[in-house]
There are 2 protein chains.
Amino acid sequence: MKEIDFSGCPIMSSLSGERIKNLFEKIEFKINTYKKGDIVARQGSPCKYLNILLAGSVKTEMVAENGSVMTIENIAAVRPLASAFLFAENNIFPVDVIATDFCRIISIPRDEVLKMFQKDAGFLESYIKYNSNKTQFLSTRLQTLNIKTIKGKLAFYILEGLNKNLVLNPGTNKFRMDRNQTELAKYFGVSRPALARCISEMEGENIILIEHKEVKVINRAALQNLLG
Amino acid sequence: MKEIDFSGCPIMSSLSGERIKNLFEKIEFKINTYKKGDIVARQGSPCKYLNILLAGSVKTEMVAENGSVMTIENIAAVRPLASAFLFAENNIFPVDVIATDFCRIISIPRDEVLKMFQKDAGFLESYIKYNSNKTQFLSTRLQTLNIKTIKGKLAFYILEGLNKNLVLNPGTNKFRMDRNQTELAKYFGVSRPALARCISEMEGENIILIEHKEVKVINRAALQNLLG
DNA sequence: ATTAATCTGTCATAATTGTTACACAAATAT
DNA sequence: ATATTTGTGTAACAATTATGACAGATTAAT
């Protein structure tokens, strides 16, 4: 086990090396390597192992029967692959997983993972935490996308950012965005000029004031109204 | 324990009564009742317990400081409340939870839940499965919403429905929707007439044929093109 | 079988957003 | 300091979608 480096892996990083060693004792697993272009997993095939990308990078693609392809995600080590699918009702890979580099991937059978959960509550907690965080993240993204107007999305984003900042700076009406306008437009899935227009309109209506990445909320009630 | 009925609860229903009884042995928990209008949990308060709604119903709301309110969800027994937040990094309730009826809610401390995981791998598996299913569900919803055009959403929806049906009826190019046009429009978050127009255009282009809830795919490649 | 309710197809108009383009500001590199 | 890149504000026009409205088709209820 000493040759496996899980540092940076969201479901392992909280565990010490010693603990990881114990965790894998008597656990069956295999490590495969893939070269660039190899297919790691096929869309539609059952997901029976916890696969963790130890080194290299992969991309995930959806492939249709007529051959048309859509890239979904690029993933770099160290991260689990499709961890939400291992235990789901419908445990098949929703995508093709293709190596975009030389890769090492560890595969731990489902039942062995359950044993590992029983053995080390910390590992179990990390795994659940990882999935919980993901669920939370997706919920928030979904809320954002579910708002139809750009002004609404922006209002939601600003109120959210303000709330996060409130924990550190109680009573403030300012916060700093971690995205520029172009990135924000992509995040919302809208065009950049349309976002700029909305910002300038909302500034004109004295609701907010944005300078660089600094957002100042002037009329909070108006922001709230844009949500519903 | 005999008075607690978990039937229909997604994280308990796979377990027999005997097994549930064992599971709760030596486990600390409390059961509270709430009458209509009572606040079960406050937005922003830490989520330290696994709360399962045993009887009654609740609604979840986001409340702003100026008092404006937005209802997020209505939940009826038997279901866990905010199960994704118990183990997440940021374990605070994102919403107010308010009883809309007489309610009984069991609260099991976080650490006790971990003990229960260690005790019964089946319970652990159900819990993880529940969260996994949720992640999967949200991912799919996110993909749908991420497609900008109505035709694209429809194409995605149809291809997905076809794929699900393929497992039962290999080689088919038909499937039956479980929503009518009005419901589908709501699901997509678009207006009903706009959806109807897209359907009729796609029928005119000989891509699909929809009769009642029966969908027939004529030109699958064209559907694929609408995704990207 | 008839009525009532719901669902569907369609239209004109308004509102919102995307596209493309350009000038200028800000940040970064040389 | 200057050049280069990247980000921002703005505009005209095109495309898409929402809104509201209506008639006909389908389904459910009596």
Side-chain angles (χ1 to χ4, degrees), chain A residues 141-158 161 174-218 222-223 225-228, chain B residues 141-158 161 174-218 222-223 225-228:
Chain A
R141 288 298 277 117
L142 206 54
Q143 277 185 69
T144 308
L145 278 176
N146 208 18
I147 299 172
K148 287 106 8 223
T149 66
I150 298 181
K151 285 187 184 181
K153 287 173 205 283
L154 189 57
F156 182 82
Y157 184 80
I158 291 175
K174 289 192 265 189
F175 82 104
R176 191 177 175 72
M177 295 192 290
D178 48 3
R179 280 175 243 265
N180 65 32
Q181 222 180 74
T182 308
E183 290 166 341
L184 195 56
K186 263 188 200 144
Y187 180 73
F188 288 162
V190 303
S191 73
R192 208 260 320 151
L195 175 59
R197 181 175 29 201
C198 287
I199 288 175
S200 110
E201 282 176 18
M202 284 164 77
E203 285 179 338
E205 294 161 11
N206 258 311
I207 299 175
I208 53 171
L209 195 65
I210 297 184
E211 280 180 353
H212 314 285
K213 291 183 177 176
E214 209 69 40
V215 181
K216 187 175 172 185
V217 176
I218 298 168
L223 277 187
N225 286 336
L226 289 172
L227 294 182
Chain B
R141 285 303 272 117
L142 207 55
Q143 276 185 70
T144 308
L145 278 175
N146 209 16
I147 298 173
K148 286 105 11 218
T149 65
I150 297 180
K151 285 187 184 180
K153 287 174 205 281
L154 189 56
F156 183 82
Y157 183 80
I158 292 175
K174 290 193 263 187
F175 81 104
R176 193 177 173 73
M177 295 193 290
D178 46 4
R179 282 175 242 265
N180 64 32
Q181 220 179 76
T182 307
E183 290 166 340
L184 196 57
K186 263 189 199 146
Y187 181 73
F188 289 161
V190 304
S191 74
R192 209 258 322 149
L195 175 59
R197 185 193 323 148
C198 287
I199 289 176
S200 106
E201 281 176 17
M202 284 165 75
E203 285 180 337
E205 293 161 15
N206 256 312
I207 299 175
I208 53 172
L209 195 65
I210 298 185
E211 278 180 354
H212 315 287
K213 290 184 177 176
E214 208 69 40
V215 181
K216 186 176 174 187
V217 176
I218 299 167
L223 277 186
N225 287 336
L226 289 172
L227 295 181

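Here is the naming used below: chain letters follow the sequence lines, and residue numbers restart at 1 for every chain.
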Working for side chain to side chain contact (heavy atoms under 4.5 Å, CB included), residues A/Tyr187 and A/Lys153: CA-CA 10 Å; A/Tyr187 180 73; A/Lys153 287 173 205 283; over 6 Å; no
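- Near-neighbour residues of DNA chain C inside residues 205-217 of chain A, defined by a heavy atom below 4.0 Å, are absent.
- A pairwise comparison of heavy atoms in B/Ile150 and B/Ala194 identifies CD1-CB, 3.6 Å as the closest pair.
- With sequence neighbours excluded, no residue forms a ring-ring contact (aromatic ring centres under 6.0 Å, His included) with B/Phe175.
- As rounded to whole Å, 9 Å separates atom C1' of C/dC11 from atom CZ of B/Arg197.
- The CD atom of A/Glu214 sits 10.5 Å away from atom CG of A/Leu209, with the distance rounded to the nearest 0.5 Å.
- To the nearest 0.5 angstrom, A/Leu195 atom CG is 9.0 Å from A/Thr182 atom OG1.
- The interatomic distance linking A/Leu154 (CG) with C/dT16 (C1') rounds to 15 Å, in whole Å.
- Residue A/Lys151 contributes atom NZ, which lies 7 Å from atom P of C/dT16 at whole-angstrom precision.
- Atoms CD1 and CE, on B/Ile210 and B/Met202 in that order, are 7.5 Å from each other to the nearest 0.5 Å.
- DNA chain D is contacted by B/Gly189, B/Val190, B/Ser191, B/Arg192, B/Pro193, B/Ala194 of residues 180-194 of chain B, taking any non-hydrogen atom closer than 4.0 Å.
- Remark: B/Arg179 CZ to B/Lys213 NZ distance equals 10.0 Å, nearest 0.5 Å.
- Across all their heavy atoms, B/Gln181 and B/Ala196 have their closest contact at OE1-CB, 3.4 Å.
- Paired with A/Ile158 under the rule side-chain contact (heavy atoms from CB on, under 4.5 Å), one option of A/Ile207, A/Leu226, A/Leu223 passes, and it is A/Leu223.
- For DNA chain D, the span of nucleotides reached by chain A at under 4.0 Å from its heavy atoms goes, 5' to 3', from D/dG7 to D/dA11.
- Direction of the helix axis in the helix from C/dA1-D/dT30 to C/dT30-D/dA1 shifts by 50° between the two five-pair termini, rounded to 10°.
- The distance from atom NZ of B/Lys151 to atom CG of B/Leu154, rounded to the nearest 0.5 Å, is 10.0 Å.
- B/Ile150 comes within contact range of the sugar-phosphate backbone alone, with a heavy-atom separation under 4.0 Å but no base atom that close.
- Among residues two or more places apart in sequence or in another chain, the salt bridge (Lys or Arg N to Asp or Glu O under 4.0 Å) test is passed with B/Glu183 by none.
- Note: A/Ser200 OG to A/Glu205 CD = 9.5 Å, rounded to the nearest 0.5 Å.
- Computed from coordinates, the B/Ile199 CD1 to C/dC7 C1' distance equals 12 Å when rounded to whole Å.
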